[in-house]
Amino acid sequence: MDKLAEARRRIEEASRIAVLTGAGISAPSGIPTFRDPGGLWENFNIEDYATPEGFARNPEEVWRWYAWRYKKIREAEPNEAHRLLAELEKKKGDGFLLVTQNIDGLHQRAGSKRVIELHGSIHRARCTACGYRSELPPPEELEIPPRCPKCGAMMRPDVVWFGEPLPPGAFEAALAGFRSADLAMVIGTSALVEPAASLGRYAKHAGAYLIEINPEETPLTPIADLSLRAGAVEGLRALLG
Ligand code: NAD
Ligand code: ZN
């Protein structure tokens, strides 16, 4: 049996599936990744826009950048890769877990229900003083920097920046899902940023069949049972279509 047919059979038979996605799955929706050519870090400095220190130095500038990305993300639509994963969840039920590093909310918009957002959400703000969270208003009504409705302090994007811990419990829940999976998929992530990068490795070590989908090789490629050099849409079509 060829490798692709084997992977399709494994997906069909698996009762516990854990999937990790990164910026690459939203690239076909027109949302730029971070590290690819043309990616966000080519034009913007990480230290200025995605660290607590950068925000402390210039909150308005950081908010302008997030407001711009928020608007783009609101205008974007989930793509076929998001939809294929939502359909797979419907088939597998509670045995299916989706973990994403994306902050764009496109998985939920495509219909995915059990989603762990490791890096927060661009659709929310969080108070820098009291921790209160709220949904952002539509982009045209967003005043920056937003003020906390409870205490009046400045709010920040409810996302995880470099050097910050993940939301409490998020990684632990993701890890539990990957460790108990019969099959794990890692899609559209450079697998360079920890701790998300290690989820595929944990699954593999615990005996799962590991599938990677990425147009480029990554540090996970050598240990994957099947590594598809393909975009997220083409790769998932080949596996699930
Ligand atoms: P990354 O930019 O480091 O890597 C993107 C990966 O996607 C690369 O390995 C690239 O080869 C691959 N890729 C490019 N086009 C693809 C396609 N069509 N199909 C499948 N794969 C494709 O992104 P990452 O690994 O997610 O990095 C981590 C950080 O990026 C996270 O912190 C995440 O929060 C953040 N991020 C999120 C978004 C979003 O929410 N959409 C966008 C940019 C960055
Ligand atoms: Zn507050």
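Atoms within each ligand, like the ligands themselves, are counted from 1 in listed order. Predicted model only: the values in this text are computed from it and were never measured.
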- Message: So for ligand 1, is Pro215 a polar contact partner (N or O within less than 3.5 Å, distance only)?
- Response: no
- Atoms of ligand 1 less than 4.0 Å from Ser26 heavy atoms? 41 (N)
- Tell me, which protein residue and heavy-atom name are nearest atom 34 (O) of ligand 1, and how many Å apart are they? Gln101 O, 2.5 Å
- Glu12/Lys92 ion pair, N-O < 4.0 Å: no
- Message: So if I count the atoms of ligand 1 from 1 in the order they appear, which ones are less than 4.0 Å from some heavy atom of Ile31?
- Response: 41 (N)
- Query: Quick one: angle Cys148 SG - the Zn ion (ligand 2) - Cys130 SG, to the nearest 10°?
  - Reply: 110°
- Task: Do me a favour and list the nearest non-hydrogen protein atom to atom 18 (N) of ligand 1 with residue, atom name and distance?
- Result: Gly24 O, 3.7 Å
- Query: When you measure from atom 37 (C) of ligand 1 to every protein heavy atom, which one gives the shortest distance, and what is it?
  - Reply: Asn102 OD1, 3.8 Å
- Query: Between Asp182 and Arg10, is the closest basic N to carboxylate O distance under 4.0 Å?
  - Reply: no
- Note on the structure: Of Ala27, Ala81, Gly22, Gly188, the residue with the heavy atom nearest atom 5 (C) of ligand 1 is Gly188
- Item | salt_bridge(Arg83, Glu87) N-O dist < 4.0 Å | no
- Item | cation_pi(Arg69, Trp65) dist<6.0 Å, angle<=45 | yes
- Message: Does ligand 1 come near enough to Thr218 that some N or O of the ligand is less than 3.5 Å from an N or O of the residue?
- Response: no
- Is the shortest side-chain N to carboxylate O distance from Lys3 to Glu6 below 4.0 Å? no
- Message: Considering non-hydrogen atoms of the protein only, which is the closest contact for atom 35 (C) of ligand 1, and what is the distance?
- Response: Phe34 CE1, 3.0 Å
- Message: Does Lys72 have more than 12 heavy atoms from other residues, nucleotides or ligands lying within 6.0 Å of its NZ?
- Response: no
- When distances are taken from atom 14 (C) of ligand 1, the protein heavy atom at minimum range is Asp36 OD2, 3.3 Å
- Query: Atoms of ligand 1 less than 4.0 Å from Glu216 heavy atoms?
  - Reply: 11 (O)
- Would the number of heavy atoms belonging to other residues, nucleotides or ligands and lying under 6.0 Å from OH of Tyr202 be above 12? no
- Query: What protein heavy atom sits nearest atom 43 (C) of ligand 1, and how far off is it?
  - Reply: Pro32 O, 3.4 Å
- Nearest-contact summary for atom 19 (N) of ligand 1 - protein heavy atom, Å: Ala232 N, 2.8 Å
- Message: side-chain contact (heavy atoms from CB on, under 4.5 Å), that's the test. Do Asp48 and Asn58 meet it? Break it down for me.
- Response: CA-CA 8 Å; Asp48 291 337; Asn58 199 342; over 6 Å; no
- So, Ser29 versus Asn79: side-chain donor-acceptor pair below 3.5 Å or not? yes
- Who's the nearest protein heavy-atom neighbour of atom 25 (O) of ligand 1, and how far? Thr189 OG1, 2.7 Å
- Message: Assess the residue pair Glu117 and Arg124 against the criterion (side-chain contact (heavy atoms from CB on, under 4.5 Å)); give the C-alpha distance rounded to whole Å, side-chain angles, the decisive distance to 0.1 Å, and a yes or no.
- Response: CA-CA 12 Å; Glu117 291 179 319; Arg124 287 191 309 264; 3.9 Å; yes
- Going by the order shown, which atoms of ligand 1 are within less than 4.0 Å of some heavy atom of His119? 31 (C), 32 (O), 33 (C), 34 (O)
